[in-house]
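What follows is a set of notes on a single structure, which appears directly below.
First listed ligand is number 1; within each ligand, the first listed atom is number 1.
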Amino acid sequence: MEYPYQIKTFEEYQKNYKESVENPEKFWGDVADNFFWRKKWDKVLEWNFKEPKIEWFKGAKLNITENCIDRHLETMGEKPAIIWEPNNPEERTRVVTYSRLHKRVCQFAQVLLNNGVKKGDRVCIYMGMVPELAYAVLGCARIGAIHSVIFGGFSAQSIADRLYDANAEFIVTCDGAYRGGKAIPLKSIIDDALIGNRTVKKVIVYTRTRTPVSMLKGRDIWWEDEMEYAEAQIEKDNVITMPATEMDAEDPLFILYTSGSTGKPKGVVHTCGGYMVWTGYTFVNVFQYKPGEVHFCTADIGWITGHSYILYGPLSAGATSVMFEGIPTYPDAGRFWDIVDKYKVNILYTAPTAIRSLMSYGMDPLKGKDLSSLKVLGTVGEPINEEAWHWYDENIGKHNCPVVDTWWQTETGGILISNLAGVTPSKPSWATLPMPGVQPVLVDERGKEITEPDEHGLLKGNLCIKAPWPGILRTTYGDHERCRTNYFASYENLYFTGDGALKDKDGNYRITGRVDDVLNVSGHRIGTAEVENAINMHTNVVESAVVGFPHNIKGQGIYAFVITEKNTHEDERAKNDILETVARIIGPIAKPDKIQFVNGLPKTRSGKIMRRILRKIAEGETENLGDTTTLLDPGIVDEIKQNKV
Ligand code: 6R9
């Protein structure tokens, strides 16, 4: 496969960037011509950020699975699409060729049809990292069902909230999932999530761990039985005949829930045409993928990174994508390097939190591992500190592999700011330059563009984007107004990212982190309000305030200040009970690292919690708390300071 839109030189980048901004319709129309459309668009782009209403490739018809699978069959049918590495290295690996992927996706699509799933229906997927998860996701896309993948670390309550919000009628899950030394009982968590649920009609269960599960008559069915039945339906004389459903470019492809600064997680909606073009385009350009190379993205498909850079981006480019079931430290901290060695991985894409964690094991886990196949290293999910960047560059890349620091979000569908490997320059801990089509702007609190550099010659402000790129979110499921207020109402005619950034004189961007009440713990987005709500549900808790603090490995840790009814302050048990409550309400990933019992919280006279002060205390910066005179009870600050944990 060729990628005529792959940028090869810095000059070409500059030329492409200019064209994409001056004439986006021409530029993206040309890029999109390299994908397979049943019918081409009537208009490349129509948009306004007011409502917002964003339409790319209007009137075009396609099915993303024909782009990710069918169009590769003739020339690459026997090439590996997915190489699956199990949690346990002793277990057999699985190589899924494009033709095998085609068959399995069609088979599962037929299973969905057999069970009454129709175009536009929401299918919730709660599975471990097994190839069947890819079949489930792509099977939905093949018939136009909207998938909503939920990460295995979320609790029954979180799943129940998402099922309700998406009004989902179908679930695909596993009996259990292996992760390191643990087996997570996914089906049993689903059963809990379904207590009281009246909308879910069918639960399809794939067998992975052989954990005993309860199977409810009429509702719960086995993946294996269904697949066997569907096989005869889709295959005649060794030919697969399952057609893909024709989708409008702007039909929803999936919903993915993500945390914001207020309330419950929002269902970010991506559509078929624009998302396909954006993930395919950015994959090929940022990582400079060449046909035949092996790409290993270590994310979980429960997050956007897995959607875009394990599945849709690589597969649309006909790439070989490694899918890893386990964790970086099991059975030991050399696991990633074993995988790189075993499959001769060319591109490794991981998160700063994983790099920092592996750094802490020293050089031993790298001994005897041949990493010479590596060509490109990537990071995503949170700001990467310079120390981790250099460790990655030196010990993994041996100074021979460009490191791409890719900044983007669930809402952006794919990478927005990043260097292009070996094509545009890198700068440690800077995401560097915007992708073609991306027009960043830094603004102050009132939305005025920052034009005056600070004392270091840098512009500093809140990061917004001026115009749509094909992969931008279209709405938040079931609540368009929420999409508008969250992303398009802070500043007129701008998409607000929620991140702060610096810009240097060469136009490079450095993302400094969230400026809203969203935490980034090990690259996972968690809203402080969500954690507070969960803590407040615990009996005896009167009120709580949650802030982030710098954490060596996780990037940010969660610090909770909690007021209880009775004086249980010394009680370790109370802390553990609160942790258990949070794990139940949200999931283990949201458990606070530190809990401090307090008698009061610093509040303004109007009753607003002064998080700024709590953040400083949590960061250990107790000397320089700034102005506390507007507080209702300034004395409370001293007390909190003295009892810091
Ligand atoms: C893809 C993904 C989005 C938030 C984003 C920002 C942070 C992501 C980053 C980065 C600095 C990078 N973030 N990549 N910060 N440098 N290269 O992670 O999506 O889970 O929605 O998180 O992650 O704060 O706003 P998501």
Exercise. Under 4.0 Å from ligand 1, counting heavy atoms only, is it the side chain of Arg525, its backbone, both or neither?
Worked result: side chain
Exercise. Among protein heavy atoms, which lies nearest atom 12 (C) of ligand 1, and at what distance?
Worked result: Glu382 O, 3.5 Å
For this session: State whether a side-chain donor-acceptor pair under 3.5 Å links His295 with Asn346.
Result: no
Exercise. Is ligand 1 under 4.0 Å from a heavy atom in the side chain of Thr410, in the backbone, in both, or in neither?
Worked result: both
Exercise. Which protein non-hydrogen atom lies closest to atom 24 (O) of ligand 1, naming both residue and atom, and how far is it?
Worked result: Asp499 OD1, 2.6 Å
Exercise. Only one of Glu382, Glu387, Glu386 clears salt bridge (Lys or Arg N to Asp or Glu O under 4.0 Å) with Arg356; which?
Worked result: Glu382
Problem set entry | Any donor-acceptor N or O pair under 3.5 Å, side chains Tyr309, Thr406 | no
Exercise. So, Glu85 and Arg335, do they make that salt bridge, N to O below 4.0 Å?
Worked result: yes
Exercise. With backbone taken as N, CA, C and O and side chain as the heavy atoms from C-beta onward, which portion of Ile384 lies under 4.0 Å from ligand 1: side chain, backbone, both, or neither?
Worked result: neither
Exercise. Backbone or side chain, does any N or O of Asn520 fall under 3.5 Å from an N or O of ligand 1?
Worked result: yes
Problem set entry | Electrostatic pair Asp251-Arg474, nearest N-O below 4.0 angstrom | no
Exercise. Parallel under 30°, tilted from 30 to 60°, perpendicular over 60°: which one fits the rings of Phe324 and Phe296?
Worked result: perpendicular
Problem set entry | Structural part of Val518 in contact with ligand 1, heavy atom criterion under 4.0 angstrom | neither
For this session: Looking only at distances, please establish whether an N/O atom of ligand 1 is found under 3.5 Å from an N/O atom of Thr379.
Result: no
